[in-house]
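Working notes, beginning with the structure itself.
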Amino acid sequence: MSDAAAPTADDTPRHRYDARLATEIEAKWQDRWEERRTFWAPNPSGPLSEGFAAFAERDKLFVLDMFPYPSGAGLHVGHPLGYIGTDVYARFKRMTGYNVLHAMGYDAFGLPAEQYAVQTGQHPRVTTEANIANMRRQLRALGLGHDPRRSIATTDVAYYRWTQWIFLQIFNAFYDADADRARPIDELIPLLEADPEVGWSELTELERRELVDGYRLAYLDEAQVNWCPALGTVLANEEVTADGRSERGNHPVYRRPLKQWMLRITAYAERLLADLDALDWSDSIKLMQRNWIGRSEGAEVDFPVAGHEDAVITVFTTRPDTLFGATYMVLAPEHPLLDVIVPNEWPDAMIGEELNDVPADWRGIFGTDVGPPEAIRRYREFAAQKSELERQAEGRVKTGVFTGAFATNPVNGAPVPVFVADYVLMGYGTGAIMAVPAHDQRDFEFAQEFSLPIRCVVQPSDTWLSERGVGAGTPAGEWPEAFTGDGVGVHSTNDGVSLDGLHVEAAKQAINGWLEAEGLGLPTVTYKLRDWLFSRQRYWGEPFPIVYDEHDLPVALPDAMLPVELPEITDFEPEIVADDVESVPAPPLARAERWVMVELDLGDGPKTYGRELNTMPQWAGSCWYYLRYLDPTNETAFVSPSAERYWMAGARDAADGAANDRPPGIPAGSERDHVGGVDLYVGGVEHAVLHLLYARFWHKVLFDLGHVSTSEPFQRLFNQGYIQAHAYTDARGAYVEASDVVERDGRYFLGDQPVDREYRKMGKSLRNVVTPDEMYREYGADTLRLYEMSTGPLDASRPWSTRDIVGVHRFLQRLWRNLVDEGTGLARLTTEPADDETRRLLHRTIAGVRGDMADLGFNTAIAKLITLNNRLTQVVADRGAAPDDVATALVLMVAPLAPHVAEELWERMGHATSLAHDAFPVADPAWLAVETVEVPVQENGKVRHRVTVPSDADADTTEAVARADPAIAAMLAGRTVRKVVVVPARLVNFVVG
RNA sequence: GCCCGGAUGGCGGAAUGGCAGACGCGGCGGACUCAAAAUCCGCUGCCCGAAAGGGUGUGAGGGUUCAAAUCCCUCUCCGGGCACCA
């Protein structure tokens with residue numbers, strides 16, 4: 001067989017657009033884009049400013065993807081959905097003249113690399129770098145138009161040096177509540193000196209330092225923490241699931257006191273809440289953040305403790321209007337006042353008229369033969385050792401112990417017993433409540449458990465009572481549940497105030513006024529949000545730039561001593577440690593013996609200091625990466641002010657105020673409320689709370705301290721959906737390889753064996769993973785991109801269906817064949833313009849695609865492009881060549897979606913330069929106009945006929961044309977037309993009797 | 001339990017008060033071919049009908065409107081968030 005005969009094995013034309021050719025084209029253009037620096041986005045000044053002159057008069061756009069973790073498993077086809085979406089959008093905007101910054105980095109610290117290191121002894125850096133390299137390869141093959149100069153990893157020393165620097169900014173700041181912003185800690189000293197209550201001049205140097213440390217936004221606190229022995233670390237509240245287990249690994253989590261770094265995010269609660277209003281985020285995400293911050297308005301009220309002159313129990317309540325119904329109080333088990341108020345012996349109690357002795361079951365569940373101090377001690381121990389899961393399992397039966405102490409209800413002087421119970425949490429409000437069992441379900445349950453009086457002070461409606469099967473006038477103690485709705489106050493009068501007859505809101509106003517006047521309480525706002533626990537007992541994280549001196553107080557390292565590099569060690573395992581609450585954390589860094597102690601001169605001569613042995617949580621690096629993209633090579637600042645201001649500016653107040661040649665398709669004013677920040681941030685909804693709240697907090701601190709120019713980091717947030725997939729289990733319930741399963745008659749089989757189908761996320765353990773690499777091989781990256789964008793709107797989750805990909809592949813093939821001779825590989829165009837109908841379709845398509853792309857409506861944009869291409873197929877069939885005008889516009893419009901094949905076609909059509917910049921077609925209004933339209937004619941809302949009218953016909957003309965139509969005239973003959981509704985160019989509706 | 005979001009052909013979806021089902025997959029038919037693949041063309045919600053045409057139809061029920069997938073109320077199911085937060 002001769003060489004010349006070689007291609008006969010299959011007679012595929014040599015230049016057909018198939019997977020082989022696609023792969024060739026894609027590699028070629030990926031190399032070219034890199035060589036030609038196509039996606040370098042110039043800064044206005046500095047080392048990355050080459051080529052800025054071309055953009056000086058243009059607008060900028062900062063498009064951002066959520067920071068990925070470089071997993072060892074590599075990408076599956078679900079991962080890049082958002083990355084493709086942002087790339088299409090970024091390419092579209094670039095083609096309309098924007099200076100678009102789009103970059104990708106890696107959130108590379110974290111547990112998987114460290115756990116792999118523990119198993120294999122492989123240093124986490126080695127694993128991490130290999131994973132990043134693999135992910136870079138996979139993403140490059142997708143043809144994403146990222147600026148490669150701006151790619152960073154959180155594990156780069158040059159990056160985490162600045163993470164440490166930002167930590168020091170937070171450490172060296174305090175929150176000025178009057179100014180409502182953070183200020184440098186140096187500015188605190190004069191305030192303390194001026195405050196007579198502080199007595200600054202009498203304090204020792206050490207006392208002063210401790211006092212100042214207590215104001216810092218990063219502070220050490222011996223607090224109750226979520227200790228997870230299995231992971232060997234503590235976790236933030238946000239990392240613990242509702243059933244008391246670690247979000248990562250599902251291990252039990254215990255609460256125990258431990259000295260840890262905390263970040264004072266609570267100081268920002270109000271601003272984090274209020275500033276949501278100006279953001280272009282979905283309502284559901286805003287709501288999740290609002291719920292997490294959990295603002296509630298109420299009052300703090302002081303209850304004096306009987307027999308203790310100085311002791312006052314301050315409670316927080318959202319229902320001060322029910323004060324007269326408070327029949328007992330509860331302190332959280334960790335409440336410090338317990339050490340003060342608990343008597344040695346059980347009192348002979350008098351509580352109003354209802355009770356005259358201390359019932360045995362008030363004395364605790366560990367025996368009634370002990371006095372209050374021991375009963376309380378045992379209960380506190382019981383509460384501390386119980387994991388959240390155990391609390392859950394107990395069905396939330398209320399437990400608690402009487403403290404033996406009584407407080408006095410300030411509104412009526414009534415003695416109320418004080419309990420300790422774990423349904424009151426130390427971390428919320430004041431850690432103490434007044435219990436109003438008639439009007440709070442939890443208090444109601446507790447009161448029933450402990451036979452406490454239940455006193456109605458807000459009258460429920462008769463309807464409410466009868467719905468619960470109790471008659472009007474039934475005492476509250478016999479209700480099936482607490483009444484928490486609105487009603488009028490009863491039994492709520494003292495010498496100074498009466499709430500009787502007032503509805504809840506009015507009653508709150510009245511009682512708040514009285515409390516304030518009497519000095520007994522103040523209206524208060526409380527938040528669920530807690531300070532952010534910022535220490536982790538891990539190796540693979542950012543070391544703190546903190547050392548401890550001889551007083552064991554923290555000392556910040558000066559900027560010049562950054563970075564504090566991770567020491568090399570060989571054993572990465574956290575010290576384990578029994579899987580229980582008693583085990584003590586031992587950070588791996590403690591094993592770096594030569595690193596732990598360090599001799600430094602921090603201003604008062606060389607001294608020995610001990611290093612902080614914890615590392616920062618993984619969230620730290622992702623709190624500010626978007627800022628580093630702006631100026632990744634800067635060695636003197638985390639970002640230069642000029643780059644930061646340029647890229648983060650709001651669209652409307654761009655620095656130079658130059659005329660923004662806003663392209664059509666984007667309504668003027670749509671970005672009017674743009675307060676600045678990343679122009680488009682795309683990522684999964686799973687980061688709705690943690691990452692987005694933490695990053696907003698850091699950004700606000702940096703804003704307050706003058707390091708960034710916007711108060712919010714992410715102006716517009718878009719949550720992409722997920723790609724899900726079917727998974728199959730065999731008779732034993734084991735997952736089988738999804739790609740081997742076949743469908744027959746609506747059932748599913750692996751060979752002859754029937755299997756069950758589930759619809760799940762894509763994942764290795766479910767054996768239903770499809771990788772982009774497979775798709776590149778079968779169809780090419782352009783087809784994969786187009787497929788993922790075509791299957792639905794970007795925010796919708798959708799099933800993966802390999803079978804369906806062929807549709808968009810055929811579209812590209814047809815497009816190619818319309819423009820290129822499959823035999824010669826040469827473009828086949830004619831300069832003769834297309835027929836009018838085709839040109840009208842072309843311009844309608846341009847207008848539509850522009851609008852769709854601007855709205856991230858890529859699925860409908862693709863549908864319009866397919867329609868146009870199908871039309872072009874006819875034209876080419878008629879003429880033997882594609883009209884130049886249609887071909888040119890079509891290729892340019894396809895370019896953001898399928899950039900490689902578009903560039904290749906563009907080149908074969910005779911263009912020497914890339915189409916990536918400033919070339920998106922603009923619709924000619926002359927071709928958008930149509931002369932006539934067909935409008936439906938309805939009879940009582942049902943379409944019966946259609947008539948053709950001039951597109952600018954008014955209502956009367958349209959109706960006249962309709963009536964003149966013989967079929968319609970017949971329809972109306974002999975009937976009474978009661979009403980005619982005409983919407984010009986839309987429809988005619990005859991309402992007949 | 002509370003709060004949010006969703007439900008449209010066999011499948012992914014389109015239409016946000018004005019012709020339901022764009023576009024794609026799948027299916028059916030035709031052209032080309034010795035044949036098959038590929039390609040091109042046509043049809044394709046359901047029911048009745050040879051067709052013309054008619055009826056019906058957007059999770060269920062009710063309402064507003066000349067007109068409802070779209071707005072309102074009630075319910076069912078699915079997905080997500082929170083969960084002793086005073």
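Lettering of chains follows the sequences in order, A, B, ..., and the numbering in each one begins at 1.
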*Syn or anti for B/G9, please, going by whether the chi angle lies within 90° of 0.*
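Judged by the O4'-C1' to base torsion, B/G9 sits in syn, the angle falling within 90° of 0.
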Taking any heavy-atom pair under 4.0 Å as a contact, classify [X]: base, sugar-phosphate, or nothing.
| X | result |
| --- | --- |
| A/T317 | sugar-phosphate |
| A/V991 | sugar-phosphate |
| A/N291 | nothing |
| A/I866 | sugar-phosphate |
| A/E934 | base |
| A/T526 | nothing |
| A/S790 | nothing |
| A/V980 | nothing |
| A/V943 | sugar-phosphate |

If I pick the [atom1] atom on [M] and the same atom on [N], what distance separates them, to the nearest angstrom?
| N | M | atom1 | value |
| --- | --- | --- | --- |
| B/U33 | B/G49 | C1' | 37 Å |
| B/G21 | B/G54 | P | 16 Å |
| B/C32 | B/A37 | C1' | 12 Å |

Phosphate contact ([N] OP1 or OP2) by [X] side-chain N/O below 4.0 Å:
| X | N | result |
| --- | --- | --- |
| A/R290 | B/C82 | no |
| A/N940 | B/A67 | no |
| A/R986 | B/A67 | no |
| A/T860 | B/G13 | no |

_Salt-bridge criterion met for A/R840 and A/E837 (N-O under 4.0 Å)_ =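 Between A/E837 and A/R840 there is a salt bridge, with a charged N closer than 4.0 Å to a carboxylate O.
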[atom1] of [X] versus [atom2] of [N]: gap in Å, rounded?
| X | N | atom1 | atom2 | answer |
| --- | --- | --- | --- | --- |
| A/F811 | B/G24 | CZ | P | 10 Å |
| A/R798 | B/A7 | CZ | C1' | 17 Å |
| A/K528 | B/C2 | NZ | P | 15 Å |
| A/R16 | B/C40 | CZ | C1' | 12 Å |

In terms of relative ring orientation, are [X] and [Y] parallel, tilted or perpendicular, with 30° and 60° separating the classes?
| X | Y | result |
| --- | --- | --- |
| A/Y428 | A/F316 | perpendicular |
| A/F483 | A/W479 | perpendicular |
| A/F419 | A/F446 | perpendicular |
| A/F382 | A/Y379 | tilted |

*From A/L897 CG over to A/M853 CE, what is the distance, rounded to the nearest 0.5 angstrom?*
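These two atoms lie 4.0 Å from each other.
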Is the base of [N] touched by the side chain of [X] through a donor-acceptor pair closer than 3.5 angstrom?
| X | N | value |
| --- | --- | --- |
| A/K398 | B/C84 | yes |
| A/N989 | B/C66 | yes |
| A/R978 | B/C66 | no |

*Report yes or no: is the cationic atom of A/K398 (NZ for Lys, CZ for Arg) closer than 6.0 Å to the six-membered ring centre of A/Y423, at no more than 45° off its axis?*
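Yes; both conditions hold, so A/K398 lies above the ring face of A/Y423.
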_Residue mapping more 5' on RNA chain B - nearest nucleotide basis, A/N870 or A/L287_ =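 It is A/L287, whose closest nucleotide lies nearer the 5' terminus.
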*Between A/Q813 and A/R944, name the one whose nearest nucleotide on RNA chain B is closer to the 5' end.*
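Upstream on the strand: A/Q813.
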*Proximal nucleotide (of B/A22, B/G10, B/C19) relative to the A/A863 side chain*: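 Nearest to the side-chain atoms of A/A863, counting from C-beta on, is B/A22.
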